[in-house]
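Both ligands and their constituent atoms are indexed starting at 1 by order of listing.
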Amino acid sequence: MTDAATAPTATPSSLTLVRPDDWHLHLRDGAALRTTAPHAAAQFARAIVMPNLRPPVTTAQQAVEYRDRIMRALPAGAAFEPLMTLYLTDRLPPEEIVRAHAAGVKALKLYPAGATTNSDAGVTDIRKAYPTLEAMQKAGMPLLVHGEITDPDTDLFDREALFIDQKLIPLRRDFPELKIVMEHVTTREGAHYVRDAGKFTAATITPHHLLYNRNALFIGGIRPHYYCLPVLKREVHRLALVEAATSGSGRFFLGTDSAPHAAHLKEHAVGCAGCYVAHAAIELYAEAFDRVGALDRLEGFASLAGPAFYGLPANTERITLRRENWTVPESYPLGEAQLKPLCAGETLAWKIVRD
Ligand code: NCD
Ligand code: ZN
């Protein structure tokens, strides 16, 4: 008999959980949907679809038409529900919120102007959008926040913490019951802010911010496929995110921020920001949770906390992950271009069981 004190910790070889949802996803449009929509539908029952198309999705009508294009790109028989969002601008009319709510649009995305990919039409001063935020608070529609200030004189790595102090705290004071999600939180300051905030505040966490720190961008040379915004941070921040995601708190839930760009536009003198993770999202989260012995917390984070915050029922079907090595493809097509997924050519230890 093995001595219990020295025996290796038992790790399960499979894990069954309520089918997860992705609360932050970029599907893009047109031919890209032929890759991104099936990947999302293979993993998730629902996804909050980001509106930063060119031009951005700013009306209920555009959101409904975009939803139809996504549905047409799904494989036959796929049960996947895109949850649509609008892109907040300085002057989005409050009446549009009423129309959007009636059309099933679930949330609005705040991009500070210039903060990230396709954000030039974003908000220049949040106070200009206050009438729209009033309408959202009334309708119970969450504001999804890209939480970085855009002042070019500030250090890129400090922009999330500064956003909290300068923008989020005053915003919360002015809208005490507006649901706010700090999307892709990347810092200890962000994780602690959300942990200690009231029930109207939550955060999504990406798999890459759980798995990597900023060293990943520079090991052996510059590695553009690890470049996203908000950028990867120091190890101390990664550890705070892992603690938050595995804490069992309903404030933190899965949002991949899977953001496809053609490989040649990332491997470029001015490379685009965004990591593609939708091909193996739940497997990457399983890896992160497994590393700290917290697989039992994955279902809460991936499948239960998000719907609870959004006021939606959890899914009823389940998925199973098996501990099984597999190699991530080197690339996928993205229209006419190539898409390099995160962990391309690498071996992952968990695999979703496809039936
Ligand atoms: C996103 C994209 O490419 O649309 N990029 C990214 O680095 N995350 C935009 C965003 O979510 O910031
Ligand atoms: Zn995003």
With sequence neighbours left out, what residues match Glu346 under salt bridge (charged side-chain N to carboxylate O under 4.0 Å, His left out)? none
Number of protein N, O or S atoms [distance to the Zn ion (ligand 2) under 2.8 Å]: 3
Centre-to-centre under 6.0 Å for Phe175 and Phe200, is that the case here? no
Distance only, no hydrogens: is a donor on one side chain within 3.5 Å (strictly under) of an acceptor on the other, for Thr124 and Asp90? yes
Please tell me whether Gln338 and Glu330 have a donor and an acceptor in their side chains that are separated by less than 3.5 angstrom. no
Can a donor-acceptor pair be found, under 3.5 Å and without considering hydrogens, that links the side chain of Glu160 to the backbone of Thr187? yes
What residues form a salt bridge (charged side-chain N to carboxylate O under 4.0 Å, His left out) with Arg195, not counting sequence neighbours? none
Can you tell me which residue among Phe44, Tyr276, Phe80 is in a ring-ring contact (aromatic ring centres under 6.0 Å, His included) with His39? Tyr276
In chain-and-number order, ligand 1 lies under 4.0 Å from a heavy atom of each of His24, His26, Arg28, Asn52, Thr116, Thr117, His146, His184, Cys228, Leu229, Asp257, Ala259, His261, Ala273, Gly274
Hey, are Asp290 and Arg323 close enough for a salt bridge, meaning a charged N less than 4.0 Å from a carboxylate O? yes
Thinking salt bridges, do Arg291 and Glu287 make one under a 4.0 Å N-O criterion? yes
